[in-house]
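Worksheet for the structure shown next.
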Amino acid sequence: RHLMYHLMQWAIEHELDIFDFTIGDVDFKSQWCEQTAPLYDSVAALGVRGMGLSAALRLGKAVKRQIKENPLLYSTAKAVRRRAASILD
């Protein structure tokens, strides 16, 4: 956040008309932003070899979306991630 404020200050000092806050829901964005832009993500196979990978990526994104939309699954996933991080440290 500290770096973002310095970047914003630099942008204001240089009279930039547009500043991209990048992705993510952070509370200060609503204080500074006049517009929002929807984000899109797509996966497409460019050849036969990429079909399996693109299917796996789409499936992974769907599973991740389901986990994030279910509070029980999401809290469990966060606990597993914390546990895995503590083991790796």
Side-chain angles (χ1 to χ4, degrees):
R1 183 176 280 201
H2 190 68
L3 176 59
M4 184 65 73
Y5 284 127
H6 282 288
L7 289 171
M8 290 167 40
Q9 182 178 8
W10 182 89
I12 291 168
E13 289 170 0
H14 288 83
E15 299 179 1
L16 298 182
D17 293 327
I18 297 172
F19 185 88
D20 185 349
F21 281 100
T22 70
I23 63 172
D25 293 328
V26 184
D27 59 347
F28 68 83
K29 289 183 180 183
S30 62
Q31 299 169 358
W32 286 89
C33 297
E34 297 172 357
Q35 314 177 347
T36 59
L39 298 176
Y40 300 97
D41 190 11
S42 63
V43 175
L46 299 178
V48 175
R49 292 180 6 188
M51 287 182 178
L53 179 58
S54 66
L57 288 172
R58 277 192 234 105
L59 177 63
K61 288 174 189 250
V63 169
K64 185 176 179 180
R65 187 178 325 109
Q66 291 297 317
I67 290 171
K68 286 187 166 189
E69 290 176 355
N70 182 311
L72 178 60
L73 289 176
Y74 190 54
S75 63
T76 303
K78 289 194 308 186
V80 168
R81 187 171 47 196
R82 280 192 304 271
R83 179 73 175 131
S86 70
I87 291 170
L88 295 175
D89 284 339

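Residue indices begin at 1 and follow the sequence shown.
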Do M8 and W10 share a hydrophobic cluster (ILVMFWY, side-chain heavy atoms under 4.5 Å, transitive)? no

Would L73 end up clustered with L59 when hydrophobic side chains under 4.5 Å apart are linked, directly or stepwise? yes

Are R65 and K68 close enough that some pair of their side-chain heavy atoms sits under 4.5 Å apart? no

Closest approach of T76 and L72, non-hydrogen atoms and distance? OG1-O, 2.8 Å

State the CE-CG distance between M51 and L46, to the nearest 0.5 angstrom. 10.0 Å

Step through the shown structure and confirm whether more than 12 heavy atoms of other residues, nucleotides or ligands are within 6.0 Å of CD1 on I12. yes

For S54 against A45, the heavy-atom pair lying closest together: OG-CB, 3.6 Å

Atom CD of Q66 and atom OH of Y74: how far apart are they, to the nearest 0.5 Å? 14.5 Å

Here the pair of heavy atoms bringing F19 nearest to L7 is CE1-O, 3.7 Å

